[in-house]
Asks: 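What follows is a single structure, and I will ask about it in a moment.
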Amino acid sequence: MIEERAQVLRDLEEAVKRFVSNDKSYLLIPEIRTNVGYALVNAQDIYDVAAIPGRLTVAFNKVIYCLPPAFGASDHIARVILTSMKFDPNIRSAMNLALYPQFFGLNPYVFDRTTEPAERKRLEKKTMNFMIEKAFSDLGRIPEFIVDKGDLGKEPGLFVLGKTPQEVVNKALQLTSLL
């Protein structure tokens with residue numbers, strides 16, 4: 001278990017370093033900033049999902065981050081990954097990005113927050129779970145791209161999902177060719 005945790009942290013940091021070293025990656029960072037996560041094989045809670053403490057941000061057209069990956073660092077991206085793993089245990093990584101009109105050409109799953117039942121919407125920290133559950137219910141699988149249309153006070157964005165952070169970062173960096 002200690003070996004797996006160390007490997008998850010190494011793999012995640014390697015992928016993040018690749019992302020930040022790309023000259024165009026700053027274009028993918030939304031106003032709410034970006035995180036990328038990677039879960040242990042049998043992840044049960046947010047402390048089994050590694051992410052970047054404080055998220056990735058932009059300064060002078062360069063993506064930066066302050067601290068190395070840590071377990072329990074992001075409840076937000078962890079909920080996306082953990083809910084995905086309930087339906088497909090191979091989907092252990094995810095990343096949130098800025099949304100551009102060009103990304104609709106990827107044929108992503110489009111999540112409309114107005115479809116979330118009002119009683120559930122009132123519960124804090126449940127929308128990401130609902131988004132993944134709805135995508136699986138509608139498609140019968142976990143999609144590689146999900147557009148979150150946003151809502152009042154909620155920035156629209158794109159989620160990229162995959163098996164590893166390397167896969168997720170590769171998909172994310174390929175999106176820069178559309179910008």
Side-chain angles (χ1 to χ4, degrees), residues 7-40 43 46 48-58 62-100 102-111 125 127-129 131-132 135-136 141-150 154-179:
Q7 188 63 51
V8 162
L9 292 172
R10 280 192 300 271
D11 289 351
L12 182 56
E13 184 149 39
E14 180 183 303
V16 169
K17 284 180 178 178
R18 183 163 182 276
F19 183 79
V20 302
S21 71
N22 184 286
D23 291 341
K24 290 186 170 184
S25 62
Y26 75 95
L27 297 168
L28 298 172
I29 307 298
E31 192 173 319
I32 61 165
R33 298 173 294 150
T34 291
N35 216 325
V36 57
Y38 191 30
L40 298 172
I46 67 165
D48 292 334
V49 181
I52 302 301
R55 300 185 182 194
L56 301 160
T57 193
V58 175
K62 181 97 177 112
V63 178
I64 60 171
Y65 60 105
C66 297
L67 296 170
F71 286 94
S74 174
D75 179 72
H76 182 256
I77 208 72
R79 284 182 282 123
V80 170
I81 296 167
L82 291 167
T83 307
S84 296
M85 288 178 72
K86 288 180 183 176
F87 300 105
D88 184 344
N90 295 312
I91 304 299
R92 295 175 41 212
S93 187
M95 183 176 203
N96 70 297
L97 302 171
L99 180 61
Y100 290 88
Q102 300 91 307
F103 295 167
F104 286 91
L106 301 166
N107 196 28
Y109 176 79
V110 179
F111 173 62
K125 300 183 177 185
T127 299
M128 294 299 96
N129 306 65
M131 175 182 73
I132 298 299
F136 186 83
R141 62 179 172 78
I142 299 296
E144 64 179 329
F145 299 109
I146 299 176
V147 166
D148 175 358
K149 290 175 63 177
K154 302 293 183 181
E155 184 179 9
L158 179 75
F159 286 90
V160 180
L161 295 95
K163 295 176 181 175
T164 67
Q166 290 81 2
E167 178 185 338
V168 168
V169 163
N170 287 343
K171 289 178 191 179
L173 291 176
Q174 287 174 356
L175 296 174
T176 62
S177 69
L178 302 174
L179 305 177

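Quantities reported herein were computed from a predicted structural model and do not represent experimental measurements.
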Asks: Report yes if the side chains of Val8 and Leu40 come closer than 4.5 Å at any heavy-atom pair, otherwise no.
Replies: yes
Asks: Let me know which of Ile52, Thr57, Leu56 forms a side-chain contact (heavy atoms from CB on, under 4.5 Å) with Arg33.
Replies: Thr57
Asks: Has the side chain of Ser93 got a donor or acceptor atom that lies under 3.5 Å from a matching backbone atom of Tyr38?
Replies: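 Pair absent, no side-chain N/O of Ser93 close to backbone of Tyr38.
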Asks: List the atom of Ala78, the atom of Ile46, and the distance in Å for their closest heavy-atom pair.
Replies: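 Distance-wise, the nearest heavy atoms are CB-CG2, 3.6 Å.
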Asks: Do any N or O atoms from the side chain of Arg141 and from the backbone of Asp88 form a donor-acceptor pair under 3.5 angstrom?
Replies: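 Answer holds: no.
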Asks: Please tabulate, for side-chain N and O atoms in residues 142-150, each donor-acceptor pair with protein atoms closer than 3.5 Å (sequence neighbours left out).
Replies:
unit_1 : atom_1 : unit_2 : atom_2 : d
Glu144 : OE1    : Lys171 : NZ     : 3.1
Asp148 : OD1    : Arg113 : NE     : 2.9
Asp148 : OD1    : Gly150 : N      : 2.9
Asp148 : OD2    : Arg113 : NE     : 3.2
Asp148 : OD2    : Arg113 : NH2    : 2.7

Asks: Would you name the heavy atoms of Ala94 and Leu161 that are closest together and state the gap between them?
Replies: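 Heavy-atom minimum between the residues: CB-CG, 4.2 Å.
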Asks: Give me the atom names and distance for the closest heavy-atom approach of Phe159 to His76.
Replies: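 Looking at all heavy atoms of both residues, the shortest contact is CZ-CE1, 3.7 Å.
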Asks: Would a distance-only check, ignoring hydrogens and angles, find a side-chain to backbone donor-acceptor pair under 3.5 Å from Glu167 to Gly162?
Replies: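 Between the backbone of Gly162 and the side chain of Glu167 there is no qualifying donor-acceptor contact (under 3.5 Å).
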Asks: Considering only heavy atoms from C-beta outward, does the side chain of Tyr100 approach that of Leu158 to under 4.5 Å?
Replies: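 The answer is no, as the side chains (C-beta and beyond) never meet within the 4.5 Å cut-off.
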Asks: So, do Asn170 and Arg18 sit near enough that their side-chain heavy atoms are less than 4.5 Å apart?
Replies: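 In contact.
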Asks: Answer whether the closest heavy-atom distance between the side chains of Phe111 and Ile132 falls below 4.5 Å.
Replies: no
Asks: Do Asn35 and Met95 come within less than 4.5 Å of each other through their side chains, counting heavy atoms only?
Replies: no
Asks: Any sub-3.5 Å donor-acceptor pair from Arg79's side-chain atoms to Ser74's backbone N or O?
Replies: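 Answer holds: no.
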Asks: Looking only at side-chain N and O atoms, does Thr83 offer a donor or acceptor that is under 3.5 Å from a partner on Asn129?
Replies: yes
Asks: Which heavy atom of Gln166 sits nearest a heavy atom of Asp11, and at what distance?
Replies: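 Minimum heavy-atom separation between Gln166 and Asp11: NE2-O, 3.2 Å.
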Asks: Hey, does Leu173 have a side-chain heavy atom less than 4.5 Å from the side chain of Val169?
Replies: yes
Asks: Taking the six-membered ring for Trp, are Phe87 and Phe136 parallel (under 30°), tilted (30 to 60°) or perpendicular (over 60°)?
Replies: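 Geometry flag for Phe136 against Phe87: parallel rings.
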Asks: For a 4.5 angstrom cut-off between non-hydrogen side-chain atoms, does Leu12 reach Val36?
Replies: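 SC-SC contact between Leu12 and Val36 confirmed.
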Asks: If I compare all heavy atoms of Gly157 with all of Leu99, which pair ends up nearest, and what's the gap?
Replies: CA-CB, 3.8 Å
Asks: For the residue pair Leu28 and Ala172, what are the closest heavy atoms and their distance?
Replies: CD1-O, 3.2 Å
Asks: Distance-only check: which donor-acceptor pairs under 3.5 Å involve side-chain atoms of residues 63-73, not counting sequence neighbours?
Replies:
none

Asks: Just so I know, are the side chains of Ile81 and Ile91 near enough to count as touching, which here means a heavy-atom distance under 4.5 Å?
Replies: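 With C-beta onward as the side chain, the pair stays apart.
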Asks: May I ask you to decide if Asn96's main-chain N or O and Thr34's side chain share a donor-acceptor pair within less than 3.5 Å?
Replies: yes
Asks: Could you grab the distance from atom NZ of Lys17 to atom CZ of Phe19, nearest 0.5 Å is fine?
Replies: 16.0 Å
Asks: Does any N or O in the side chain of Arg92 come within less than 3.5 Å of the main-chain N or O of Ala39, such that one atom is a donor and the other an acceptor?
Replies: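 Flag set: sc Arg92 to bb Ala39 pair under 3.5 Å.
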Asks: Around Lys62, counting heavy atoms of other residues, nucleotides and ligands shown, do more than 12 lie under 6.0 Å from its NZ?
Replies: yes
Asks: Give, for atom CZ of Arg55 and atom CD1 of Ile32, the distance between the pair rounded to the nearest 0.5 Å.
Replies: 5.0 Å
